[in-house]
Participant: 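Structure provided below as structure tokens; questions to follow.
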Amino acid sequence: MYRYTKQFQKALVEWFNREKRDLPWRHTTDPYKIWVSEVMLQQTRVDTVIPYYENFLEKFPTAQALADANEEFLLKQWEGLGYYSRVRNLQAGVREVVENYGGVVPKTREEISTLKGVGPYTAGAVLSIAYGVPEHAVDGNVMRVLSRVLMIDEDIALPKTKKTFERAVMELIDYDNPSAFNQGLMELGAMVCTPTSPSCLLCPVRDYCTAFHEGEPEKLPVKTKKVKTKKIPYDVFIVEDEQGRILMEQRPETGLLANMWQFPMVEVKKDVVTDSVMAEMYHFELAGKDHLMPLKHVFSHLVWQMDGYILRATDVEEPPERSAWLTLDEVEKLPLSVSMQKFLAQYRIERQKL
DNA sequence: AATTCGGGGGC
DNA sequence: GCCCCAGAATT
């Protein structure tokens, strides 16, 4: 049984109020803005999020503005941030709030959890930070901190383990300041109670940390699973027609990089001549070919091994669905994955040389 | 319960 | 290289 609940709360909250970083979303309690920040921060570091957050709220300052946004422009604002379904779900959730809740983000876990893209963590984070509702918000930081403070050695890779930590937070949470308590746990995990070499000597709750006294904090939390990544070879084609337009295609509406645009790419398999496949699939005659640098792109669960080419096309006919011949200026307005931005950058350099 | 979703930074 | 990051949706 944990005997230090009250001391822990006080030490954590006071430390947070004293030492917290000055972050953009800490200047507001607007539930819409907190919501945006929490979605961006899913699996994404604070330093990465900051410029995206500033830009996003500039473009979509209110829930109504986001609800009214068109998807291509919306995706463009998320370009480079990754996990693109987050922003589609965010817009869907915001639209629900505008249409069904009079524009007011719901204040109970039950209701807010029905919104698209709002899972157990985001629900608790928005409720506690925007509204001061005492609800758990368990992320990776919280599991690491509490696994050490309470010496919990369950495998955090298992879904059921998160429930253990959610129960723990509900027993520990400071009802007088749920916002500072939840944020304090996360801030502590980010700044002090780090995955490797935690700074225990600087920790405000060291006196109340079971692992510090009785164990080895750096050995917690226990996490088993590791991901296996498949490698897929692709040829990527920047195809120019005689007017200098470029062939682009939009990815499928579900799955990896859904609805993002790309230079057409063909999986490399035995006995497949990829540039012939291109000419046939996109209806043009092949009139020239140059090599670009190969590029490797690592996703969470797979690796694209890409070879880039510039093709010259003649006798161009109507392209298939979800593809188009576009000028360079038009291409720049499309949402592109990072690997495609890298190819675009290469292409510009090659083009300068000619 | 396991897999699918991006991309970057720290070590 | 590997690990992790203010996770959620889908299967």
Side-chain angles (χ1 to χ4, degrees), chain A residues 16 20-21 23-26 34-53 75 78-90 92-93 112-130 136-145 155-163 165-166 169 179 181-191 193-198 218 221 223-230 251-260 262 296-304 335-342:
Chain A
F16 176 73
K20 64 185 173 189
R21 289 168 289 176
L23 302 175
W25 45 89
R26 288 182 176 163
I34 300 297
W35 187 1
V36 169
S37 74
E38 291 301 341
V39 172
M40 286 188 170
L41 286 162
Q42 289 166 12
Q43 297 293 286
T44 311
R45 296 192 135 73
V46 165
D47 291 339
T48 305
V49 166
I50 291 173
Y52 283 90
Y53 175 82
L75 269 179
W78 207 268
E79 181 183 79
L81 196 52
Y83 286 149
Y84 298 93
S85 65
R86 287 186 293 178
V87 71
R88 257 191 305 278
N89 289 337
L90 173 61
I112 201 172
S113 297
T114 67
L115 301 172
K116 208 78 92 211
V118 178
Y121 164 76
T122 305
V126 174
L127 289 173
S128 61
I129 297 170
H136 59 77
V138 174
D139 71 339
N141 287 309
V142 173
M143 288 198 281
R144 183 172 57 259
V145 169
D155 180 3
I156 65 166
L158 300 176
K160 68 169 187 177
T161 302
K162 197 166 79 170
K163 296 199 171 93
F165 286 100
E166 289 171 351
V169 170
S179 172
F181 182 87
N182 281 341
Q183 292 188 80
L185 282 179
M186 294 187 274
E187 187 82 353
L188 193 65
M191 305 304 293
C193 196
T194 49
T196 57
S197 57
E218 66 280 1
K223 185 174 186 181
T224 57
K225 243 183 300 195
K226 43 196 81 172
V227 265
K228 49 176 197 270
T229 59
K230 286 180 294 191
R251 295 180 58 83
E253 25 187 320
T254 59
L256 185 64
L257 301 170
N259 280 349
M260 302 286 282
Q262 64 184 11
K296 186 173 83 165
H297 193 78
V298 180
F299 297 91
S300 309
H301 56 300
L302 56 88
V303 178
W304 284 356
L336 306 175
S337 70
V338 166
S339 56
M340 294 302 146
Q341 293 179 55
K342 289 178 181 169

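When reading the values below, keep in mind they use all heavy atoms of this one structure, side chains included, and skip hydrogens, waters and symmetry mates. Note on naming: letters A, B, ... go to the chains in the order of the sequence lines (proteins, then strands), and numbering restarts at 1 for each one.
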Participant: Just to be sure I understand the rule, does G189(A) reach a base, reach only the sugar-phosphate, or reach nothing, if contact means heavy atoms closer than 4.0 Å?
Facilitator: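 No contact.
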Participant: May I ask you to verify if any side-chain N or O of H297(A) is less than 4.0 angstrom from the OP1 or OP2 atom of dG7(B)?
Facilitator: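 Yes, H297(A) has a side-chain N/O under 4.0 Å of OP1/OP2 on dG7(B).
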Participant: To the nearest angstrom, how far is R251(A) atom CZ from dC5(B) atom P?
Facilitator: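 For the pair R251(A) CZ and dC5(B) P, the rounded distance is 9 Å.
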Participant: Would you say that V142(A) contacts H136(A) through its side chain, given a criterion of any heavy-atom pair below 4.5 Å between the two side chains?
Facilitator: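 A side-chain contact is absent here, since even the closest heavy-atom pair is not under 4.5 Å.
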Participant: Given atom CG of L158(A) and atom P of dT3(B), what is their separation to the nearest angstrom?
Facilitator: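 Spelled out: CG on L158(A) to P on dT3(B) is 12 Å.
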Participant: Looking only at heavy atoms, what is the nearest atom pair of L75(A) and A258(A), with distance?
Facilitator: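 So the two residues come closest at CD1-O, 4.2 Å.
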Participant: Of all the heavy-atom pairs spanning D155(A) and A157(A), show the shortest one and how long it is.
Facilitator: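 That would be OD1-N, 2.9 Å.
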Participant: Of the listed nucleotides (dA6(C), dG7(C), dG1(C)), which one gets closest to any side-chain atom of T122(A)?
Facilitator: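 Side chain of T122(A) sits closest to dG7(C).
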Participant: Could you check how far CD of Q42(A) sits from C1' of dA9(C), rounded to whole Å?
Facilitator: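 Distance, rounded to whole Å: 11 Å.
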Participant: Counting just side-chain N and O atoms, does R88(A) come under 4.0 Å of either OP1 or OP2 of dA9(C)?
Facilitator: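 R88(A) to dA9(C) OP1/OP2: no side-chain N or O under 4.0 Å.
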Participant: Remember a base hit wins even if backbone is also touched, and classify W25(A) as base, sugar-phosphate or nothing at under 4.0 Å, heavy atoms.
Facilitator: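 The residue W25(A) makes base contact.
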Participant: Would you indicate, yes or no, if dC5(C) has its OP1 or OP2 atom less than 4.0 angstrom from a side-chain nitrogen or oxygen of Q43(A)?
Facilitator: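 Answer is no, no contact under 4.0 Å.
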Participant: So do R144(A) and P195(A) actually touch side chain to side chain, heavy atoms under 4.5 Å?
Facilitator: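 With C-beta onward as the side chain, the pair touches.
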Participant: In this structure, how many angstroms lie between the P atom of dA6(C) and the CD atom of Q183(A), rounded?
Facilitator: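 Answer to the nearest Å: 13 Å.
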Participant: Roughly how many Å apart are dA6(C) and dC11(B), using the P atom of each and rounding to a whole number?
Facilitator: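 Taking atom P in both dC11(B) and dA6(C), they lie 14 Å apart.
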Participant: Scan S337(A) against the nucleic acid and name what it touches under 4.0 Å (heavy atoms): base, sugar-phosphate only, or nothing.
Facilitator: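 It contacts sugar-phosphate atoms only.
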Participant: Using whole Å, report how far CG of L41(A) lies from P of dC5(C).
Facilitator: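 After rounding, the gap between these two atoms is 13 Å.
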Participant: Looking at K228(A), I'd like to know whether one of its side-chain N or O atoms comes within less than 4.0 Å of OP1 or OP2 on dT3(B).
Facilitator: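 For dT3(B), OP1/OP2 do have a side-chain N/O of K228(A) under 4.0 Å.
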Participant: Does L185(A) reach a base, just sugar-phosphate, or nothing at all? Heavy atoms under 4.0 Å.
Facilitator: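 No contact at all - L185(A) keeps every heavy atom at 4.0 Å or more from the nucleic acid.
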Participant: Could you spell out the base pairing of DNA chain B as a dot-bracket line? Use Watson-Crick and G-U wobble contacts where both distances are under 3.5 Å, [ ] for crossing pairs, | for partners on a different strand.
Facilitator: |||||.|||||
Participant: Under 4.0 Å between a side-chain N or O of K230(A) and OP1 or OP2 of dT3(B)?
Facilitator: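 No, K230(A) has no side-chain N/O under 4.0 Å of OP1/OP2 on dT3(B).
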Participant: Give the minimum heavy-atom separation between S300(A) and Y83(A), together with the two atoms involved.
Facilitator: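 The pair with the smallest heavy-atom distance is OG-OH, 3.5 Å.
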Participant: Using whole Å, what does the distance between atom C1' of nucleotide dG6(B) and atom CG of L336(A) come to?
Facilitator: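 Checked: the CG to C1' distance equals 15 Å.
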Participant: Flag the pair L81(A) / T48(A) as yes when at least one side-chain heavy-atom distance between them is below 4.5 Å, and no otherwise.
Facilitator: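 Yes, at least one pair of side-chain atoms sits under 4.5 Å.
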Participant: Please work out if V118(A) contacts a base, only the sugar-phosphate, or nothing of the nucleic acid, heavy-atom cut-off 4.0 Å.
Facilitator: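 Sugar-phosphate, no base atom in range.
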Participant: Ignoring hydrogens and angles, tell me if any N or O in the side chain of R86(A) forms a donor-acceptor pair with the backbone of M40(A) under 3.5 Å.
Facilitator: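 Yes; judged by distance alone, with no hydrogens or angles, the pair exists.
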Participant: Expressed in whole Å, how much space separates the P atoms belonging to dG8(B) and dA9(C)?
Facilitator: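 Here dG8(B) and dA9(C) have their P atoms 24 Å from each other.
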Participant: Of the nucleotides dC5(C), dG1(C), dC5(B), which one has an atom closest to the side chain of K296(A)?
Facilitator: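 So the side chain of K296(A) is nearest to dG1(C).
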Participant: Return the 5'-most residue of the pair L115(A), E38(A) with respect to DNA chain C, ranking by each residue's nearest nucleotide.
Facilitator: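 On the 5' side of the pair lies E38(A).
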Participant: Mind calculating the distance between NE2 (H301(A)) and P (dC3(C)) to the nearest angstrom?
Facilitator: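 Rounded to the whole Å, the gap is 17 Å.
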Participant: When the nearest nucleotide of DNA chain B is assigned to K160(A) and to V298(A) on a heavy-atom basis, which residue is associated with the more 5' position?
Facilitator: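 Mapping each residue to its closest nucleotide by heavy atoms, the 5'-most match is K160(A).
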Participant: Work out which heavy atom in F16(A) is nearest to a heavy atom in G184(A); give both atom names and the distance.
Facilitator: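 The pair with the smallest heavy-atom distance is CD1-CA, 3.7 Å.
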Participant: Give one of base, sugar-phosphate or nothing for N89(A), where a contact means two heavy atoms less than 4.0 Å apart.
Facilitator: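 Counting heavy atoms under 4.0 Å across all strands, the contact made by N89(A) is with sugar-phosphate only.
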Participant: At under 4.0 Å between heavy atoms, what does T44(A) touch on the DNA or RNA strands: base, sugar-phosphate, or nothing?
Facilitator: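 Base, at least one base atom sits under 4.0 Å.
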Participant: Quick one: is K116(A) getting a side-chain N or O under 4.0 Å of the dA8(C) phosphate, OP1 or OP2?
Facilitator: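 Looking at the OP1 and OP2 atoms of dA8(C), neither is under 4.0 Å from any side-chain N or O of K116(A).
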Participant: To check you understand the geometry: which heavy-atom pair defines the closest contact between K116(A) and A92(A), and what is its length?
Facilitator: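 Reported closest heavy-atom pair: CB-CB, 4.0 Å.
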Participant: Looking only at the side chain of K225(A) (C-beta and beyond, no hydrogens), which of the listed nucleotides dA6(C), dT3(B), dG6(B) gets closest?
Facilitator: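 So the nucleotide nearest the side chain must be dT3(B).
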Participant: Using whole Å, what does the distance between atom P of nucleotide dG7(B) and atom CE of M40(A) come to?
Facilitator: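 To the nearest whole Å, that distance equals 15 Å.
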Participant: Is a donor-acceptor pair below 3.5 Å formed from side chain R86(A) to base dC5(B), judging by atom type as modelled?
Facilitator: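 No, no donor-acceptor pair under 3.5 Å.
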Participant: Using a 3.5 Å cut-off and no angle test, enumerate the donor-acceptor pairs between side-chain atoms of residues 118-125 of chain A and protein atoms at least two apart in sequence or in another chain.
Facilitator:
| unit_1 | atom_1 | unit_2 | atom_2 | d |
| --- | --- | --- | --- | --- |
| Y121(A) | OH | E38(A) | OE1 | 2.6 |
| T122(A) | OG1 | Q42(A) | NE2 | 3.0 |

Participant: For the base of dG7(C), is there a side-chain donor-acceptor partner from Y121(A) under 3.5 Å away?
Facilitator: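 In this structure, the two groups form no donor-acceptor pair.
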Participant: With nearest nucleotide decided by heavy atoms, which residue, P120(A) or S300(A), maps closer to the 5′ end of DNA chain C?
Facilitator: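 Its nucleotide being nearer the 5' end, the pick is S300(A).
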Participant: Mind checking the C1' distance from dC5(B) to dC5(C)? Whole angstroms is fine.
Facilitator: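 Pairwise C1' distance, dC5(B) against dC5(C), rounds to 15 Å.
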Participant: Take D47(A) and Y84(A), find for each the nucleotide of DNA chain B with the closest heavy atom, and name the residue whose nucleotide sits nearer the 5' end.
Facilitator: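 Checking each residue's closest nucleotide, the 5'-ward one belongs to Y84(A).
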Participant: If you measure from the C1' atom in dC3(C) to the same atom in dG6(B), how many Å do you get, rounded?
Facilitator: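 To the nearest whole Å, 15 Å.
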